[in-house]
Participant: 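Sharing a structure here in structure tokens format.
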Amino acid sequence: MLNDTDNEFLSRIGPGTPMGDYLRRFWMPFLLPEELPEPDCAPIRTTLLGEELVAFKDTNGDIGLLDNYCPHRRASLFFGRNEECGLRCVYHGWKFDINGDCIDMPSEPAESNFKDKVKITSYPAREWGGLIWAYMGPIETMPGLPKLDWATLPDNQRIISKRSQESNWVQSTEGGIDSSHISFLHSGVTPYLRDNPEKKVQRGNGRPMGFTTTDTSPRFAVDDTDAGLLISARREADQDRYYYRITQMLLPFYTMIPGAIEPGYQIGGHAWVPIDDYSCWNFSISWNPYRAFTDEEVKNHWSGYGIHALTDEKYRPLSNKENDYNIDREEQKYKTFTGIKGIGEQDMGTQESMGALTWRGGEHLGASDSAIIAYRRRLMTEVRNLQEGVESFAATHPDAYAVRSASVLVKRGDSYLDAAKERLEAKI
Ligand code: FES
Ligand SMILES: [Fe+2]
């Protein structure tokens, strides 16, 4: 539980808030490359960290991210003409380049130097790792782009989806680091199926979950890492061994979930990027560090059963708050724990159901929430450090993001970290 002051401190990200200042030290993904497909294409209207912005790809292929409001008389640049290396406001023709400089002001006399005095707020934006990223902090502290495992791979080894979510970014990220909910929320086990095991479906919406089903109260260990937290959830496997599900939380809003125990399997992860205090973009990433995805695997990822939610062209999920995520009560009774199709939709539905900005004064946290407690503590410590002038190590060290998640079976008494290290190429 958190008191209201801490809850606000943790959640709110607008300009001038402590958490807002902290997040502005990080590069943040915010668009798919398909949203700005070619030079001089139509600009995109977007909100990020509570700021209304317009993104465009200029004639050279460089990406600009400008304040939505023209500094002349505040018309929206979304309606602007994207031409000859700049975005031109359609109201009186003022034109701005990706650096925010006013490069043409045809409504003023030719001899005027007014245009040299006018600038629009602009932020650096780059394409990297299958996404378009923005940096909204002070230029003097701008770091390199984070070397996240999935970002460093060729396109054919990763699948990325985007969807909007109507809940605060922290409570959404908390759902992503919560290793205990998978025994329930994503489970295909119901009392009916316990009594009728032959009816159990084998994949998709009702997945047999193995050890996460047979042991529903994992023991957690949480350790600080350079870029976030290493979270291990230990479950009973058999008489001699434990099953460890080792996940990574990477500051400020990334999670990494492990694949199967067998080596060579794909990994999953998320980013929850704040649109404002009450909504965020969810980027879901599946990647295989060892090989390209097969056509069959790609098809499965877009089937609507996994972490990649099905959306409309504006990235709004087809199953959403308005239609109660298309919950099927028959399905819930007989086949799956939720009756909601899709792992992504199951996560989103519960995270949104907490309220757009949850009231943490009403929580009762147990032992299974220890990773969430550690995440909040780490975030708040980082923000307080920044308030005292200490920059975040994670934000300034892109190499610290080169880590992976893993699941391993380990002989009781042996080190799970040693077992995981054996499995992984990257350090954990
Ligand atoms: S409002 Fe944009 S040029 Fe006048
Ligand atoms: Fe989940």
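Here, residue 1 is the first one in the sequence, and each next residue gets the next number. Every number for a ligand or one of its atoms is a count from 1 in the order of the listing.
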Participant: Listed by chain and number, what are the ring pair (Phe, Tyr, Trp, His ring centres under 6.0 Å) partners of Phe9, not counting sequence neighbours?
Facilitator: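 For Phe9, no residue satisfies ring pair (Phe, Tyr, Trp, His ring centres under 6.0 Å) once neighbours in sequence are set aside.
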Participant: Any side-chain hydrogen bond (donor to acceptor under 3.5 Å, both in side chains) involving residues 37-48? Give me the pairs, sequence neighbours left out, ordered by first then second residue.
Facilitator: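 Qualifying pairs: Asp40-Thr59.
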Participant: Quick check on the 6.0 Å ring-centre criterion: do Phe293 and His301 meet it?
Facilitator: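 Distance test on ring centres: under 6.0 Å, yes.
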Participant: Tell me whether Lys162 forms a cation-pi arrangement with Trp281, defined as NZ or CZ under 6.0 Å from the six-membered ring centre and within 45 degrees of its axis.
Facilitator: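 Cation-pi check for Lys162 and Trp281: passes.
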Participant: In His181, which N, O or S atom comes closest to the Fe ion (ligand 2)?
Facilitator: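 Restricting His181 to its N, O and S atoms, the minimum distance to the Fe ion (ligand 2) goes to NE2.
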Participant: Answer yes if the ring centres of Phe253 and Trp272 are under 6.0 angstrom apart, and no otherwise.
Facilitator: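 Between Trp272 and Phe253, which both carry aromatic rings, the centre distance is not below 6.0 Å.
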Participant: Not counting sequence neighbours, which residues clear side chain to side chain donor-acceptor pair (under 3.5 Å) with Tyr315? List them please.
Facilitator: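 With sequence neighbours excluded, Tyr315 shows a side chain to side chain donor-acceptor pair (under 3.5 Å) to Glu34, given in chain and number order.
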Participant: Angle at the Fe ion (ligand 2), NE2 of His186 to OD1 of Asp347, rounded to 10 degrees, please.
Facilitator: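 With the Fe ion (ligand 2) as the vertex, the angle is close to 90°.
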Participant: At less than 2.8 Å, how many protein N/O/S atoms surround atom 2 (Fe) of ligand 1? Leave waters out.
Facilitator: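 With waters ignored, the protein N/O/S count below 2.8 Å is 2.
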Participant: Hey, does the Lys NZ or Arg CZ of Arg234 hover above the aromatic six-ring of Tyr243, less than 6.0 Å from the centre and inside 45° of the axis?
Facilitator: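 Geometry flag: not set, cation outside 6.0 Å or 45°.
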